[in-house]
Structure formats: C-alpha cells, structure tokens
Amino acid sequence: HFVENLKNPRSSAYKVFEVLKRPMPRPLARLLGIGNRPSLPGTLRLPTYDGSGQACHPTVSVFQGKIYMACTPYPYGRDPYENPCLYVRGPDSARWKPVPGVYPLVRPQRPGYEHYSDPCLFQREGKLVLLYRKRERRPSGTVEILYTVSSADGEAWDPPRFLAEGPVDDRLISPAAAGNALFCVEYYGGSSQIVRYALDGLDGLGEKTACGVSGLGQDFFVWHMDCATQPDGAVRGLFMLQKKTSLKYQQVALFTWRPGDGVWSWERDVPESEEEKRAVSFVYKSCFTEDPGRVLCSARDRKGRFFLFEKSI
C-alpha cells in the first residue's frame with residue numbers, strides 16, 4: 001500500500017481525511033481535481049458538492065419535459081462522500097445543473113458510521129420520486145434503510161420519507177423501480193440473487209419474491225442493476241456482472257423480465273469499446289437514459305478515479 005500511495009498521492013490525501021473521520025475541505029478537493037479527469041468519449045463533467053468531480057451510480061428519469069439524473073460522489077471509492085445528488089438538464093442541452101436545495105440530498109450525521117447511496121429515480125402518482133439507501137452501523141450489525149423524497153414539479157421536494165428497513169447484515173443494494181415493482185440485488189459477498197417487491201405506493205414495500213436469472217454464466221453473479229419498462233409490459237434490465245474469481249473483471253449485459261414467467265432472461269452483452277479497454281479499470285453500476293439506444297455508465301479508471309460516461313448500445 002505504501003508504494004501504491006506514492007504513485008497516487010491524490011488518493012492518499014483522501015485516505016488521510018478518511019482516517020481522521022473528516023471530510024476533505026472543498027477548496028482542497030477542487031485543487032486536487034484540477035487536470036485530474038479521465039479522458040474518454042462521452043465523459044460527463046459534473047460539479048459535485050464535495051468538489052472532487054468524481055461520481056458513480058447514476059439513475060435517469062424524464063419528468064415534465066426535463067431530464068433528471070441522480071448520482072453519488074465517490075472520490076477514489078470513499079463511502080462517506082457517497083450521498084445522493086440531483087441534476088437536471090433540458091432535452092436540447094448536454095449540461096447537467098444541480099437541482100437547488102438537494103445538493104446533496106442528505107449528509108450523514110455520524111460520518112464513519114453511516115452513509116447514503118444507491119439512488120433510484122422513478123415516477124409515482126404524478127410525482128418524481130428519488131429512492132435511496134442508508135447504510136447504518138449498529139452494535140447488532142449493519143442495516144440498510146430505504147427512504148424516498150418526491151416532488152410535484154422537480155423544484156420543491158418533500159422531506160425524506162421512510163420506506164423500509166432490511167434485517168441486520170442484509171446486503172440489499174441497487175434498487176431499481178419498474179412499473180409497480182421494485183427490484184433489488186441481495187448481495188452475499190461472492191454471490192447474489194435478484195428479488196422483486198410490490199411497490200403500489202410509497203408507504204412501504206409489499207410482498208417479496210425471488211427472481212430467477214436465465215443465461216447467466218456460472219462464473220458470474222449480478223452486482224448492480226437498472227430497469228426500464230417496455231411498452232409491452234416487459235422490463236429491460238441493465239446488469240453489471242461480477243466474475244466470482246476476479247474482482248478485476250466485470251461486464252455489462254442486457255436482460256429481459258416478463259411478468260408471466262418471472263425470470264430475467266439474457267438478451268446480449270454490451271461490449272467495451274477500444275477506448276474503454278484502455279481507460280477503464282472496471283465498469284460499475286450503469287443506467288438507461290432517455291434515449292433507448294444509449295446508456296450512462298459509471299466506472300473506475302486506472303488511477304482509481306470514478307466517473308460517468310455515455311455510450312451507445
């Protein structure tokens with residue numbers, strides 16, 4: 001680790017503040033970020049609340065003629081900064097602007113013992129809804145708690161609303177809403193399963209059922225996912241697959257879920273471009289965009305920096 005730190009002093013600076021359980025001062029984060037951006041076609045240039053410009057775990061929804069995105073800052077993979085932020089742009093603009101008042105949406109009251117992550121944007125009852133996860137350490141173990149915030153106009157947002165709490169040490173990650181369902185990945189450290197919850201309203205989760213996954217190779221498990229409802233009622237899934245034998249090997253694939261059979265079926269892989277192969281260390285949670293032919297990916301580059309980029313599928 002000492003040699004690695006010498007090669008990446010900017011990451012080491014974050015490690016120092018992590019040990020001290022203090023956030024990196026924004027002016028210092030912005031200074032460290034100068035000239036420190038990955039170069040890949042389609043890379044987003046985002047102003048993040050922490051000043052790093054690094055982000056992951058995107059989610060997109062079109063609401064009242066505008067395009068909204070939520071993501072979390074993730075400088076060099078540091079959890080304390082991973083607090084959901086909202087951005088908006090017009091259909092003819094490529095520039096994402098922070099949504100006033102929710103930048104970030106929440107911050108941990110006990111840094112080092114809790115953080116927020118895994119945002120999911122969707123619409124319900126004529127409102128734009130952002131679901132997110134709180135990961136909280138307790139004496140009995142770690143729990144995941146799901147909250148929602150909603151807005152009727154994309155500008156004024158209601159206070160956070162409790163949705164559900166998982167049992168102790170339940171690794172409930174990557175929630176993705178589609179229609180009247182909420183899909184999540186239950187992660188067990190080297191394996192996972194996809195579960196479906198009924199989501200009729202915003203007062204809690206309904207019945208839970210496990211989903212099968214057809215066409216997934218035995219060497220892989222699902223780590224993250226995003227969903228998009230199709231006109232025929234089917235749900236398209238964008239899965240981040242992790243190889244069981246190597247944390248350094250991930251891939252993205254498309255799957256389809258149909259209500260009649262309840263099984264996610266493999267559709268096709270999403271191949272890497274030559275530029276990605278040179279720039280990306282591993283791809284992380286990705287999402288569909290307002291364009292059915294494009295997705296928004298999050299990834300870590302060779303220097304440990306997290307960033308977002310768009311690509312065609």
Side-chain angles (χ1 to χ4, degrees), residues 46-49 55-73 82-91 93 96-109 114-136 143-166 172-185 195-208 224-229 235 237-238 285 287-290 296 298 308:
L46 287 178
T48 59
Y49 78 88
C56 74
H57 209 116
T59 173
V60 171
S61 183
V62 180
F63 181 70
Q64 295 183 354
K66 296 180 180 179
I67 305 167
Y68 288 82
M69 176 185 68
C71 62
T72 60
E82 198 180 2
N83 303 307
C85 296
L86 274 166
Y87 298 83
V88 64
R89 66 175 175 84
S93 173
W96 292 100
K97 298 180 180 180
V99 175
V102 283
Y103 185 64
L105 178 71
V106 288
R107 295 196 193 206
Q109 297 178 349
E114 62 184 44
H115 74 277
Y116 300 87
S117 66
D118 293 30
C120 170
L121 275 175
F122 62 100
Q123 295 172 42
R124 182 72 78 249
E125 300 169 2
K127 292 185 175 183
L128 181 63
V129 180
L130 175 66
L131 183 151
Y132 61 93
R133 182 187 74 156
K134 178 184 181 182
R135 186 166 173 80
E136 181 179 306
V143 298
E144 276 84 24
I145 308 169
L146 300 181
Y147 293 92
T148 61
V149 291
S150 60
S151 173
D153 58 8
E155 296 180 3
W157 291 79
D158 299 330
R161 187 175 177 179
F162 171 84
L163 182 66
E165 179 177 322
L172 193 65
I173 63 174
S174 206
N180 292 323
L182 181 72
F183 294 94
C184 295
V185 176
V195 294
R196 177 186 180 275
Y197 291 91
L199 186 66
D200 296 329
L202 296 177
D203 295 322
L205 298 180
E207 182 182 1
K208 168 185 170 182
H224 283 288
M225 65 182 298
D226 188 52
C227 292
T229 305
V235 179
L238 184 67
K285 191 269 182 183
C287 73
F288 294 105
T289 68
E290 77 284 0
L296 180 57
S298 62
L308 305 180

When you compare the side chain of [Y] with that of [X], does any pair of heavy atoms fall below 4.5 Å?
{"X": "His224", "Y": "Val185", "value": "no"}
{"X": "Arg89", "Y": "Met69", "value": "no"}
{"X": "Leu205", "Y": "Leu199", "value": "yes"}
{"X": "Cys85", "Y": "Pro98", "value": "no"}
{"X": "Asp158", "Y": "Val149", "value": "no"}
{"X": "Trp157", "Y": "Leu86", "value": "yes"}

Donor-acceptor contact below 3.5 Å, side chain [X] vs main chain [Y]:
{"X": "Glu290", "Y": "Val60", "value": "no"}
{"X": "Ser61", "Y": "Tyr68", "value": "no"}
{"X": "Arg133", "Y": "His115", "value": "no"}
{"X": "Lys285", "Y": "Pro58", "value": "yes"}
{"X": "Asp226", "Y": "Phe288", "value": "yes"}
{"X": "Glu155", "Y": "Pro100", "value": "no"}
{"X": "Tyr132", "Y": "Asn83", "value": "no"}
{"X": "Thr59", "Y": "Ala70", "value": "no"}

For [X] versus [Y], what's the shortest heavy-atom pair and its separation?
{"X": "Leu130", "Y": "Pro84", "value": "CD2-CB, 4.4 Å"}
{"X": "Glu136", "Y": "Ile145", "value": "OE1-CD1, 3.9 Å"}
{"X": "Gly179", "Y": "Thr229", "value": "N-OG1, 3.4 Å"}
{"X": "Cys71", "Y": "Leu46", "value": "SG-CD1, 3.9 Å"}
{"X": "Tyr197", "Y": "Gly206", "value": "CD2-O, 3.7 Å"}
{"X": "Leu172", "Y": "Cys184", "value": "CD1-CB, 3.5 Å"}

request  = Give the C-alpha distance, both sets of side-chain angles, the deciding distance and a yes or no for side chain to side chain contact (heavy atoms under 4.5 Å, CB included) between Asn180 and Arg124.
outcome  = CA-CA 9 Å; Asn180 292 323; Arg124 182 72 78 249; 4.2 Å; yes

ask   = NE2 of His57 to SG of Cys120: how many Å apart, nearest 0.5 Å?
value = 8.0 Å

task = Mind checking the CZ-CG spacing from Arg161 to Leu131? Nearest 0.5 Å is all I need.
result = 12.0 Å

key: SB check Lys127 Glu125 (cutoff 4.0 Å)   = no

request  = Go through the structure and list residues passing side chain to side chain donor-acceptor pair (under 3.5 Å) with Ser298, not counting sequence neighbours.
outcome  = none

key: Check against side chain to side chain contact (heavy atoms under 4.5 Å, CB included), Trp96 and Leu308   = CA-CA 12 Å; Trp96 292 100; Leu308 305 180; over 6 Å; no

inquiry  = Can you tell me how the ring of Phe162 sits relative to the ring of Tyr147, calling it parallel under 30°, perpendicular over 60° and tilted otherwise?
reply    = perpendicular

